[in-house]
Amino acid sequence: MAIKYELIKVCKQSGARLGRVHTPHGSFDTPAFMPVGTQATVKTVSPEELKAMDAGIILSNTYHLFLRPGHKLIERAGGLHRFMNWDRAILTDSGGFQVFSLSAMRKIKEEGVEFRSHLNGDRLFLSPELATEIQNALGSDIMMAFDECPPYPADYDYVKQSVERTSRWAERCLKAHARPDDQGLFAIVQGGMYEDLRRQSAADLTSLDFPGYAIGGLSVGEPKDVMYEVLDYTVPLLPADKPRYLMGVGSPDALIEGSIRGIDMFDCVLPTRIARNGTCMTSRGRLVVRNARYAEDFGPLDPACDCYTCRNYSRAYIRHLIKADETFGIRLTTIHNLHFLLKLMQDVRQAIMEDRLLDFRDRFFAEYGLFDNDKGF
RNA sequence: GGAGGGCUAGCGAAGUGGCCAAACGCGGCAGACUGUAAAUCUGCUCCCAGUCGGGUUCGGUGGUUCGAAUCCAUCGCCCUCCA
């Protein structure tokens with residue numbers, strides 16, 4: 001087995017899990033946040049910078065690399081790790097999310113999904129077998145099963161057939177998987193906001209014994225309390241000896257709430273995307289550094305932060321760079337936001353170790369508020 | 001001295017009798033962003049009210065007209081060419 005989960009400790013106060021996931025490219029501690037590098041790069045930052053901020057695993061994307069530059073090319077380059085000069089763990093998403101995000105230009109069939117390339121309109125076809133073959137060629141440490149991520153809201157009958165198809169597809173991925181000793185294949189539990197469908201999905205997939213399980217189809221527009229409710233009844237359906245991965249979640253409050261509910265892995269484009277759009281995560285809430293109020297603010301983004309950006313640059317300077325379209329500006333905000341989340345997860349792990357994650361959450365929220373609130377300090 | 005062209009909202013630039021408070025771009029202000037079609041997208045950007053609505057504009061002034069950024073006269077300023 002390529003992927004092993006080691007449970008280190010359960011927080012007595014919250015039930016959260018402290019653990020370690022072992023991969024062919026090193027281990028990472030959980031709960032963990034995984035930066036997203038869709039096109040074989042975490043936008044604007046180098047592998048060295050990612051390591052400096054303690055990223056142990058990053059994401060990449062099957063659909064995007066299949067289109068460009070092509071998985072065969074990456075295979076010839078010696079695999080994705082070598083191609084992008086990243087020697088720690090890589091998780092590749094299967095393209096299932098693109099079934100959701102590119103819904104206007106694809107058609108779902110039992111065999112797979114027909115896409116029109118978002119780059120040039122080419123007709124493409126992605127199936128469980130092809131998504132698996134591509135990920136085998138890329139050589140990621142963790143591969144994801146090709147799933148269908150239904151939108152929110154979606155009616156019960158639709159989600160039910162989607163769950164059943166996702167289960168059939170997961171089984172096909174498992175069969176097609178050519179390198180189980182080198183790469184772990186995770187299945188994705190769907191079921192929308194319907195408890196019995198989540199139960200059905202989890203039962204289907206856990207019977208196939210994957211080395212890890214993801215929860216998909218959340219953070220697609222539903223209210224946060226709905227997402228937490230789904231987690232409350234879905235996480236307990238997953239085996240305790242395997243990592244549990246909540247896909248697409250990355251606001252600071254949700255990382256803490258997810259950890260409390262027993263999630264081990266998270267990924268999200270939020271920190272990197274909002275960074276490029278001039279918004280920063282700070283210990284005191286969201287800070288839109290491009291706002292005029294920071295034009296002459298010569299202090300750091302977050303006084304409580306010790307990242308490269310906060311140690312060396314002011315809000316006024318970063319605002320100037322972003323307003324002037326200088327790429328260094330979005331590099332600085334990206335570095336800060338990633339550091340912020342990675343550090344947050346370190347703090348979460350420490351709190352689990354000391355059985356005080358609920359206390360930590362309360363203190364964090366008192367300072368931070370919810371992600372939506374800009375305290376604008 | 002002569003001939004021609006021009007002056008429109010913070011900037012650039014359309015508009016050449018009514019559908020014009022005036023396209024579009026830039027700049028400015030704000031918002032959104034959650035397994036990345038995103039260094040993107042959306043809204044606002046003369047003044048007051050801020051839902052309706054009201055007021056003052058298209059170099060200045062004076063005309064023509066039911067009606068003028070648009071036509072006429074005149075003044076000012078800018079640019080090009082010839083002397």
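As the structure is a computational prediction, the values presented were derived from the model and not from experiment.
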Take atom [atom1] in [N] and the same atom in [M], then report the distance between them in whole Å.
N	M	atom1	value
B:C58	B:G53	P	24 Å
B:G6	B:G12	C1'	15 Å
B:G76	B:A30	C1'	41 Å
B:G60	B:C7	C1'	12 Å
B:U8	B:U61	P	16 Å
B:U16	B:A23	P	14 Å
B:G25	B:U45	P	14 Å
B:A13	B:C26	P	16 Å

Distance check: side-chain N/O of [X] vs OP1/OP2 of [N], anything under 4.0 Å?
X	N	value
A:Lys224	B:U34	no
A:Ser101	B:A37	yes
A:Arg293	B:C29	no
A:Gln98	B:U36	yes
A:Asn61	B:U36	yes
A:Arg276	B:U40	no
A:Asn291	B:A30	yes
A:Ser219	B:U34	no

Please classify the nucleic acid contact of [X] as base, sugar-phosphate, or nothing, using heavy-atom distances under 4.0 Å.
X	value
A:Lys43	base
A:Thr272	base
A:Arg290	base
A:Gln190	base
A:Asp267	sugar-phosphate
A:Thr44	nothing
A:Asp147	base
A:Ile188	base
A:Leu59	sugar-phosphate
A:Gly217	base

In plain terms, say whether [X] and [Y] are close enough for a salt bridge, that is, a side-chain N and a carboxylate O under 4.0 Å apart.
X	Y	value
A:Glu111	A:Arg172	yes
A:Lys224	A:Glu257	no
A:Arg356	A:Asp347	no
A:Lys109	A:Glu114	yes

Mind checking who [N] pairs with, Watson-Crick or G-U wobble, both distances under 3.5 Å?
N	result
B:G35	none
B:U57	none
B:G27	B:U45
B:U65	none
B:C77	B:G6

Could you tell me how far apart [X] ([atom1]) and [N] ([atom2]) are, to the nearest whole angstrom?
X	N	atom1	atom2	value
A:Asn277	B:C29	CG	P	16 Å
A:Arg68	B:U36	CZ	P	15 Å
A:Ile322	B:G27	CD1	P	15 Å
A:Asp253	B:C33	CG	P	12 Å
A:Leu231	B:G35	CG	P	15 Å
A:Met265	B:U34	CE	P	21 Å
A:Phe100	B:U34	CZ	P	8 Å
A:Asn337	B:A39	CG	P	15 Å

Could you tell me if the ring centre of [X] sits under 6.0 Å from that of [Y]?
X	Y	value
A:Tyr317	A:Phe298	no
A:Tyr294	A:His320	no
A:Tyr156	A:Tyr194	yes
A:Tyr313	A:Phe328	yes

* Asked: For A:Tyr245 and A:Ala292, take the nucleotide of RNA chain B holding the closest heavy atom to each; which residue's nucleotide lies nearer the 5' end?
  ->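 Going by which nucleotide is closer to the 5' end, it is A:Ala292.
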* Asked: More 5' along RNA chain B: A:Arg319 or A:Val42, using each one's nearest nucleotide?
  ->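 Per heavy-atom nearest nucleotide, the more 5' residue is A:Arg319.
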* To do: Kindly indicate, with the supporting measurements, whether the criterion side chain to side chain donor-acceptor pair (under 3.5 Å) is fulfilled by A:Asn277 and A:Thr279.
  => CA-CA 6 Å; A:Asn277 296 329; A:Thr279 299; over 6 Å; no
* **Options B:A38, B:U34, B:A32, nucleotide nearest the side-chain atoms of A:His118** =>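 So the side chain of A:His118 is nearest to B:A38.
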* A:Leu270, nearest nucleotide to its side chain (from B:C33, B:G35, B:A39) ->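 Closest of the options to the side chain of A:Leu270: B:C33.
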Check: protein-nucleotides 43-47 of chain B nitrogen or oxygen pairs below 3.5 Å:
none

* Asked: For the side-chain hydrogen bond (donor to acceptor under 3.5 Å, both in side chains) test, which of A:His81, A:His25, A:Lys51 pairs with A:Asp87?
  ->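 Testing A:Asp87 for a side-chain hydrogen bond (donor to acceptor under 3.5 Å, both in side chains) against A:His81, A:His25, A:Lys51 leaves exactly one candidate, A:Lys51.
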* To do: Would you please classify the geometry between the A:Tyr368 ring and the A:Phe340 ring as parallel, tilted or perpendicular, with 30° and 60° separating the classes?
  =>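 Aromatic pair A:Phe340/A:Tyr368 classed parallel.
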